[in-house]
Amino acid sequence: MASKVLYSLRDPVSKKRDDFEDILEERRNSSDLRYALKCYTPAVYRNLVPCTASMLKNLVLESDALRYVINQVSVESGESPETVQEEASQVLEEMAHRLQLSTIRFFALTLSKAFKALYRSVRVNEEGVQRLQQAIQEHPVVLLPSHRSYMDFLMMSYLLFTYDLALPVIAAGMDFMSMKFVGEMLRMSGAFFIRRSFGGDKLYWAVFSEYVKTMLRNGYAPVEFFLEGTRSRTAKSLTPKTGLLNIVMEPFFKGEVFDVNLVPVSISYERILEESLYARELLGVPKPKESTSGLLKARRILSEDFGTMHVYFGAPVSVRSLAQGHISRSQYNLVPRHVPQRPVADTQAFVNDVAFRLVRLQEENMVLKPWALISTLLLQNPDGVELSALTQQADWLRHLALSFGAFLDWPDGEPCSKVISSSLTIHRNLARVSEGRVRLVVPEASGAELSAEEAEFHRAVSVLSCASYRNQSLHVFVRPALLAVAMQTANSNRRDELYKSFNILRNIFSNEFILCPGASVQDFEEACYLLVKCGAVQELKQEVVMSSSGQTTLSFLCSLLEPFLHGYQVVCRCLCEDPQEDLPEKNFVPAVRNFALQLILAGSLRYYEALSSDLQKNALAALIRLNAVKQLKTGDRVLLKIDKMAVNSLEDALGGNIPTQKPVLARL
Amino acid sequence: MASNTDVSERQRSARQRLRIIAGHLQKSEGNEHTALSAQECKAETPRSNAAKVTAVPKRRQEIMKWNGWGYSDSRFLFNKKGQAEFTGKRYRLSGLILPSLKDWFEGTFGANLQHKSPATASLNVSAVPPPTLNELFVEELKAAGVALSTGPEDRVFRSHGHCLHEVFALREGRIGRIPDLVVWPNCHDDVVKIVELACKHNVCLIPYGGGTSVSSALECPPEETRSIVSLDTSQMNRILWIDEKNLTAHVEAGIIGQDLERQLNESGYCTGHEPDSMEFSSLGGWVATRASGMKKNIYGNIEDLVVHIKMVTPRGVIEKSCQGPRMSTGPDIHHFILGSEGTLGVVTEVTMKIRPVPEYQKYGSIVFPNFQQGVACLREVAKQRCAPASIRLMDNEQFQFGHALKPQVSSIFTSFLDGLKKFYITKFKGFDPHHLCVATLLFEGDREKVLQHEKQVYDIAAKFGGLAAGEDNGQRGYMLTFVIAYLRDLGMDYYVIGESFETSVPWDRVLDLCRNVKERIVRECKERGVQFPPLSTCRVTQTYDVGACVYFYFAFNYRGLSDPIHVYEQVEHTAREEILANGGSLSHHHGVGKLRKEWMRETVSSVGLGMLKSIKDYVDPNNIFGNRNLL
Ligand SMILES: Cc1cc2nc3c(=O)[nH]c(=O)nc-3n(C[C@H](O)[C@H](O)[C@H](O)COP(=O)(O)OP(=O)(O)OC[C@H]3O[C@@H](n4cnc5c(N)ncnc54)[C@H](O)[C@@H]3O)c2cc1C
């Protein structure tokens with residue numbers, strides 16, 4: 001299994017990280033206009049084939065690969081090749097970027113103003129920037145930022161301009177194009193637009209992939225896209241999509257370039273612009289169409305304090321080194337390279353492994369602010385917590401997080417109480433101190449009395465907003481937490497038993513958290529290692545046992561996963577109790593949401609995460625993956641066929657009953 | 001007209017060489033180690049004296065280096081003034097000073113003339129392991145009147161080809177497993193006798209032609225416990241007949257390239273088969289390795305040139321019953337022999353196609369703004385099937401390398417170089433000297449057609465930004481390949497080691513393969529602690545309908561490395577993997593030998609390998625031809 005080799009060299013803790021510099025400092029001290037008009041002469045790829053944006057389009061349209069598919073489509077559809085060619089040209093027109101330095105300069109100016117208004121500082125690891133500069137000259141570069149906010153790609157281009165690096169071309173979703181003006185602005189700053197779904201459209205796929213590959217092969221510009229596919233509304237990393245990653249690796253597989261450098265970039269926000277928007281979206285308020293006026297409304301927020309933003313440019317990862325021993329490039333020898341070929345299973349597995357590995361690299365270099373820990377503690381105390389107790393717990397958690405290797409930006413030498421109060425200042429819309437206790441803020445509804453449902457809904461918005469900060473730190477704790485839960489539920493302390501329970505949980509949650517496929521042994525080892533390291537458990541010969549002082553840590557870790565364990569159980573129960581065998585897929589989220597809401601109203605469920613469509617969809621994906629639910633497609637409609645026995649036993653497993661005979665678990 | 005000077009020049013130097021060789025032969029007569037009773041073969045054609053004159057004597061040590069390339073009198077050195085010169089009288093470069101070589105050498109390799117790594121001066125005979133002889137075999141051989149020797153020099157000379165590691169070991173005076181005995185059959189029947197006796201007494205036979213192998217094919221397998229006998233074909237060197245009606249010649253397989261061409265030329269013919277090693281490599285060697293000559297576009301590769309082959313195997317003699325130009329008689333048995341690399345038997349006689357010596361020859365060259373354009377042009381030339389006798393495209397590094405070989409005083413060269421400089425300033429404006437590359441051309445045929453052909457090719461070139469850059473430039477390009485093996489010896493005197501290797505690849509992958517392999521070499525060197533970036537360069541040397549042959553030179557300064565040869569071999573290994581990953585073949589013409597055996601299965605599939613094994617098992621069940629190449 002590819003992942004074994006890919007991950008074995010990781011030491012989860014002893015990571016050396018670079019220092020940060022605040023780029024806004026200079027902006028505050030010198031003219032923005034002069035900065036925006038500065039001389040811009042980036043170092044370029046050494047084998048650059050110079051070419052303009054319009055030449056690029058011609059290269060794509062005239063490429064063997066596209067010609068091949070055009071002919072194929074023409075034969076299949078009966079349309080003339082010229083018609084298909086014309087279609088292709090329109091697709092490309094709709095897709096292609098029109099990067100212009102003047103637009104970038106315009107953004108450089110306006111964003112300087114905006115960033116200074118929004119952020120206290122924007123901190124960047126300059127060593128990473130230098131590594132990137134090297135990498136850009138050596139081989140084609142793919143930039144892979146994490147995606148938590150619209151700000152991400154504006155910020156990326158802004159930074160590359162600031163550091164005199166080659167400006168990227170960015171794969172963006174078509175949604176933007178509904179805002180004519182903004183869309184065109186983004187296009188001129190390097191965005192190219194892809195339709196959200198084009199599943200079977202051969203021609204579209206061919207144009208798109210050839211466009212990306214041409215830019216990469218010629219070293220035209222760094223190609224930037226979001227592995228997670230879309231913005232994460234929960235601040236947890238999303239399961240990576242592999243389509244584009246596959247495309248950018250192909251030129252290496254086929255020998256068209258010597259190597260490709262993948263550069264993970266971690267962008268972390270102390271406070272996210274979209275925080276309550278996301279919570280509402282998760283709770284079922286339909287996603288607002290990305291309209292220009294919507295963005296303009298965002299101007300209101302320019303007056304707020306969004307704290308510090310961190311951008312960490314990770315070390316470039318060479319596709320060549322990754323592929324060494326995993327991919328036999330000679331498999332491409334026998335078919336002309338412009339003939340599209342489905343990647344073989346090995347290649348798919350490899351690309352998938354790499355995608356996960358990259359997302360983990362993003363996670364590892366995400367900077368956590370104290371608030372990520374404080375919000376975690378607050379969520380574990382829904383009725384509020386004494387400020388002094390919170391201070392104490394935060395200090396304890398800080399040490400735990402550090403010993404697990406968290407990249408924590410905790411102010412040096414400041415008393416913990418001060419750190420907490422300044423966090424609370426920034427996040428005063430989410431939590432407040434009253435009468436010595438800290439609690440979540442539930443926005444008062446003005447006017448009429450709220451129904452019980454509406455009240456819960458309001459509460460849920462606060463909880464989910466707050467949870468998005470807790471989620472920032474989940475990747476640090478998730479492996480030990482899975483082990484902690486396994487220790488709680490397993491029948492014995494024997495390593496093999498624990499591993500079994502751990503693995504079952506891990507398997508169920510692998511759509512929820514970034515758990516690399518095939519790396520369960522490594523994850524287990526890592527979890528043990530960390531728990532031993534922080535003194536919570538001891539490893540004996542055949543057993544892993546809690547140490548005398550381990551209770552606090554283990555129960556903290558268990559509580560961390562509680563919302564997910566319960567949330568998934570709710571989903572299972574909802575499906576089991578549904579009187580029908582089959583559920584239309586589009587009814588799934590409303591059904592579960594309603595089911596969960598009833599439980600909350602009845603006082604038998606504390607975890608508002610169960611209302612989140614993100615959790616619900618992840619749970620469904622897991623059930624489908626584990627064959628407890630099947631999707632039946634009939635025309636446009638998708639029916640969920642529920643195997644109640646199987647779902648039931650999964651629910652049991654989540655509740656701590658691990659029935660050994662049940663068939664579905666045998667598959668786990 | 002360059003071609004006229006050329007012809008007369010060639011005749012002059014051929015005559016001179018004949019004299020020298022004749023002298024050597026006369027001297028050597030009394031000096032044989034083992035007293036031999038040379039026996040006349042009862043061949044139908046009486047042995048003519050002219051045919052007996054050969055450029056390389058039976059005792060190779062008389063005129064050849066024991067631990068380097070070529071003739072002892074010809075070598076590069078840096079003289080007291082630090083200028084490079086080429087010694088001897090044999091070649092056009094002989095006796096000339098090459099003033100820019102030093103700077104190029106030091107600049108390219110970070111080498112320094114103060115840092116010498118001289119070779120062991122002479123073969124220490126006492127370091128040569130004593131022979132393990134199969135006494136009965138030797139006795140019966142002697143009784144049969146076959147010439148043989150157990151002399152240490154004779155044996156060492158036949159223990160290696162010209163791979164870097166082989167020559168490097170010799171320079172350090174290290175002698176590994178070598179043949180225990182050398183035998184010199186005079187004719188086919190001698191070979192039949194030798195093979196019979198070898199089978200009878202279970203000794204291991206290794207055919208030896210010109211010794212120019214670059215695949216470890218001639219190395220004795222160290223694990224071989226039987227007595228190893230080197231079967232030197234050099235005395236089977238006669239042209240047995242020429243058939244002017246069918247334009248064929250029947251030739252003994254031990255003849256070396258220069259003798260064959262010279263002797264055919266005397267009758268107004270040629271084979272046109274000119275591998276760069278043709279001074280020393282033999283007809284049998286070409287057949288055994290599937291060799292390829294520079295002028296294959298007109299004359300074909302060896303497999304196109306042979307009409308009939310006779311090979312002696314442990315099972316008996318294999319040959320076809322007629323000389324028809326093509327047959328549909330099942331798989332062509334010639335193709336079991338071509339490329340058999342001495343594992344199945346000894347090729348003894350070959351009927352080859354011959355052609356009248358061309359009336360007119362003309363060199364040429366084209367400068368391209370970059371390698372991509374050059375490759376595109378070659379591709380177009382191949383597409384239009386109008387390739388000249390030879391067309392080769394050097395990359396920029398090799399172009400610069402070629403420059404470094406500029407001699408100080410030479411009527412041939414000065415004109416061109418001064419011309420080139422002017423060219424630079426005027427016509428080449430806009431050509432980046434760090435990107436431009438050169439194609440060298442050789443046209444052959446009757447004058448009219450050559451000139452026509454030339455125009456056609458230059459017209460195509462112009463479409464790819466190519467500019468004609470003169471005849472001399474072209475001629476010099478070919479000279480480079482000729483002396484490159486001598487240059488390697490010079491490098492080795494100053495801590496620089498290197499080698500070439502080749503592949504064939506479909507047209508659409510040529511550029512990618514060249515770039516990736518060159519870069520892989522640079523990267524692997526760096527990772528392995530090579531202090532100075534290596535010379536990593538390539539050239540497209542042959543064009544075909546569907547692809548090209550690409551030739552890489554790779555050399556580096558090994559100061560500071562404890563095991564330079566190991567590093568070299570690792571890098572070459574990864575370069576080969578890179579070639580295979582980029583759709584290149586395991587070899588276009590050097591063959592597999594023992595050097596590239598490990599990739600045979602993936603190259604020809606398991607079934608393919610099984611087929612080859614089963615042939616070996618049938619033809620040579622006791623592994624008499626035990627050089628262990630290929631399989
Ligand atoms: C400087 C240089 C330039 C070269 N250029 C070219 C080139 O342009 N084109 C090219 O094709 N190759 C080239 N080569 C490689 C080499 O010259 C060829 O492989 C050549 O065919 C070997 O011939 P040889 O007579 O020297 O054979 P050897 O080196 O003596 O033997 C090579 C192999 O053939 C076997 N063999 C030799 N004679 C016989 C026989 N009569 N019967 C059966 N088996 C036999 C040997 O056992 C051995 O396995 C070059 C090598 C060098 C060093």
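In the text below, chain A, chain B and the rest are named by the order of the sequence lines, each starting its count at 1. Computed over heavy atoms, backbone and side chain alike; hydrogens, waters and symmetry mates excluded. For clarity, every value in this text was computed on a predicted model and none was experimentally measured.
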If you count heavy-atom pairs within less than 4.5 Å of chain B, which of A:His338, A:Glu256, A:Arg337 leads? A:Arg337
Best-contacting candidate, A:Asn47, A:Val257, A:Ile327, A:Asp259, against chain B by heavy atom pairs under 4.5 angstrom: A:Val257
Quick check: are there more than 12 heavy atoms from other residues, nucleotides or ligands sitting under 6.0 Å from CZ of B:Arg385? no
So for atom CD, which belongs to A:Gln324, do other residues, nucleotides or ligands contribute more than 12 heavy atoms lying within a distance under 6.0 Å? no
Taking atom NE2 as the centre, does B:His435 end up with more than 12 heavy-atom neighbours from other residues, nucleotides or ligands that are less than 6.0 angstrom away? no
Tell me the residues of residues 573-604 of chain B whose non-hydrogen atoms fall below 4.5 Å from those of chain A, in number order. B:Glu578, B:Leu580, B:Ala581, B:Asn582, B:Gly583
May I ask you to list the residues in residues 512-523 of chain B that approach chain A closer than 4.5 angstrom, counting heavy atoms only, ordered by number? B:Asp512, B:Arg515, B:Asn516, B:Glu519, B:Arg520, B:Arg523
For B:His335, does the NE2 atom sit with more than 12 other heavy atoms under 6.0 Å from it, leaving out its own atoms? yes
Heavy-atom distance under 4.5 Å to chain B: side chain of A:Asp64, backbone, both or neither? neither
